[in-house]
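Scroll down for the structure; my scribbles are underneath it.
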Protein chains: 2
Amino acid sequence: MSANSRLTIAAHALAWIGLYQRQGHEVATSEQIATSANTNPVVIRRLLGELRRAGLVESRRGVGAGWSLARELGSITLLDVYEAVEPGPLFAMHRTTPDQGCVVGYGIQPAMQGIYEGIEKTLRHELARVTLENVLRDVLAAPR
Amino acid sequence: MSANSRLTIAAHALAWIGLYQRQGHEVATSEQIATSANTNPVVIRRLLGELRRAGLVESRRGVGAGWSLARELGSITLLDVYEAVEPGPLFAMHRTTPDQGCVVGYGIQPAMQGIYEGIEKTLRHELARVTLENVLRDVLAAPR
DNA sequence: CCTGTTGCAACCTTCGCTGTTACGACTGCG
DNA sequence: CGCAGTCGTAACAGCGAAGGTTGCAACAGG
């Protein structure tokens, strides 16, 4: 599986903004978040842009610009973030249509589709159980 | 998420071999399976080679060579197949170490690790509930 | 010895993600 | 009004995973 770090980075960014705001700041810049995540500001802006389209964060332009949460950390779940940054399904079908003249080739796609749907439903349920508030709490609970 | 079709193709191959054997044949060739899956025989041999290392299938060489199941379809679960063909974890951490001087950068990885472990455990549990016997039954149940 | 098939290496292509540079758009401040 | 700081976004290179393809040695039965 092409291990994807998008969900991790997005959660990192949200937790960072949330903590920063609790420390009394209005907005966080992509530069600050990128430094914390050890990556490029454009990567952060791209990810946060997807989160903004999903209504999780807001951005301000001009002088004193930056990013702020559109919702409380406790009301944002990992499922919200997952759906905002991960486009496709977890498992894919064949890249080319299997032989429809073969019994297995004909029936395999509907069969797997049904199975995968059930699994993805469970995955979404698990992701929905974790809020960004939970994430930030775990982050701050890390032993020194 | 880079949607991966390896699990789908592996399940296809196993179901094909299982059905073929129930029709009285000894072994199935990668050529036959590749035709059904509409792909290249080498791709099938690579995948079946991983399943063989996991003890799910056996191969015979020489004239009349081919592949056969090492276990009953009913005793092979999608989890067995998943573990045989999918190497890495579902979600990845940052590609570079986050800023350890930052509270979030320091605590984010253990936090996400713990969350991801729980989710993967649930995923494995779901995959373990489906046997290849179930898959073949669903395949044959596809409406004409 | 001949034939059919696996085992496996080597290489190319495609694709998605990350990283980087560049630059226009926007907005508050002096 | 112009400057400065930041977002928004396009463009491109690099990388790694996966699939597709070719080629050939190894094997085993007739």
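In this text, all values refer to a predicted model and were calculated from it rather than measured experimentally. Throughout, a chain's letter reflects where its sequence line sits, starting with A, and its residues are numbered from 1.
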Presence of salt bridge, A/Arg124 and B/Glu126, under 4.0 angstrom: no

If only side-chain N and O atoms of A/Asn40 are considered, is one of them under 4.0 Å from the OP1 or OP2 phosphate oxygen of C/dT18? no

Tell me which pairs pass salt bridge (charged side-chain N to carboxylate O under 4.0 Å, His left out) where either residue lies in residues 107-116 of chain B, with sequence neighbours left out. none

So, OP1 or OP2 of C/dC17: does either fall under 4.0 Å of a side-chain N or O from A/Asn4? yes

Using atom CG of B/Asn38 as one end and atom C1' of D/dG19 as the other, report the distance to the nearest whole Å. 13 Å

In this structure, which one of A/Leu78, A/Thr77, A/Val139 forms a side chain to side chain contact (heavy atoms under 4.5 Å, CB included) with A/Leu132? A/Leu78

For DNA chain C, which residues of residues 43-72 of chain B approach it to below 4.0 angstrom with any heavy atom? B/Arg45, B/Arg46, B/Arg52, B/Ser59, B/Arg60, B/Arg61, B/Gly62, B/Val63, B/Ala65, B/Gly66, B/Trp67

Counting side-chain heavy atoms from C-beta on, which of D/dT9, D/dG19, C/dC17 comes nearest to A/Val42? D/dT9

If hydrophobic clusters are built from ILVMFWY residues whose side chains come within less than 4.5 Å, do B/Val81 and A/Tyr116 share one? yes

Is there a side-chain contact between A/Ser5 and the phosphate of C/dT18, meaning an N or O under 4.0 Å from OP1 or OP2? yes

Does a side-chain N or O from A/Arg95 land closer than 4.0 Å to OP1 or OP2 of C/dC15, or not? no

Please answer: with hydrophobic residues joined when any side-chain heavy atoms are less than 4.5 Å apart, are A/Tyr106 and A/Ile115 in the same cluster? no

Contacts satisfying salt bridge (charged side-chain N to carboxylate O under 4.0 Å, His left out) that involve residues 32-59 of chain B (not counting sequence neighbours) are B/Arg6-B/Glu50

Could you list by number each residue of residues 96-112 of chain A showing a heavy-atom separation from DNA chain C of less than 4.0 Å, or answer none if no residue does? none

A/Glu26 CD - D/dT6 P separation (whole Å): 15 Å

Axis-to-axis angle between the two ends of the helix from C/dC1-D/dG30 to C/dG30-D/dC1 (five base pairs per end, rounded to 10 degrees): 0°

Would you tell me if any nitrogen or oxygen in the side chain of B/Thr39 comes within less than 4.0 Å of OP1 or OP2 on D/dG20? yes

Joint hydrophobic cluster, B/Ile108 plus A/Val85, side-chain heavy atoms closer than 4.5 Å: yes

Going only through I, L, V, M, F, W and Y residues with side-chain contacts under 4.5 Å, is there a path from B/Met93 to A/Trp16? yes

By salt bridge (charged side-chain N to carboxylate O under 4.0 Å, His left out), A/Arg71 pairs with (sequence neighbours left out) A/Asp80

Return the orientation label for the B/His25 and B/Tyr20 ring planes: parallel under 30°, perpendicular over 60°, tilted otherwise. parallel

Just how far, in rounded Å, is P of C/dG16 from CD of A/Glu86? 13 Å

Nearest-Å distance for atom pair CD1/P, residues A/Ile33 and C/dG19: 15 Å

Can you see whether B/His12 engages B/Ser36 through a side-chain donor-acceptor pair at a distance of less than 3.5 angstrom? yes

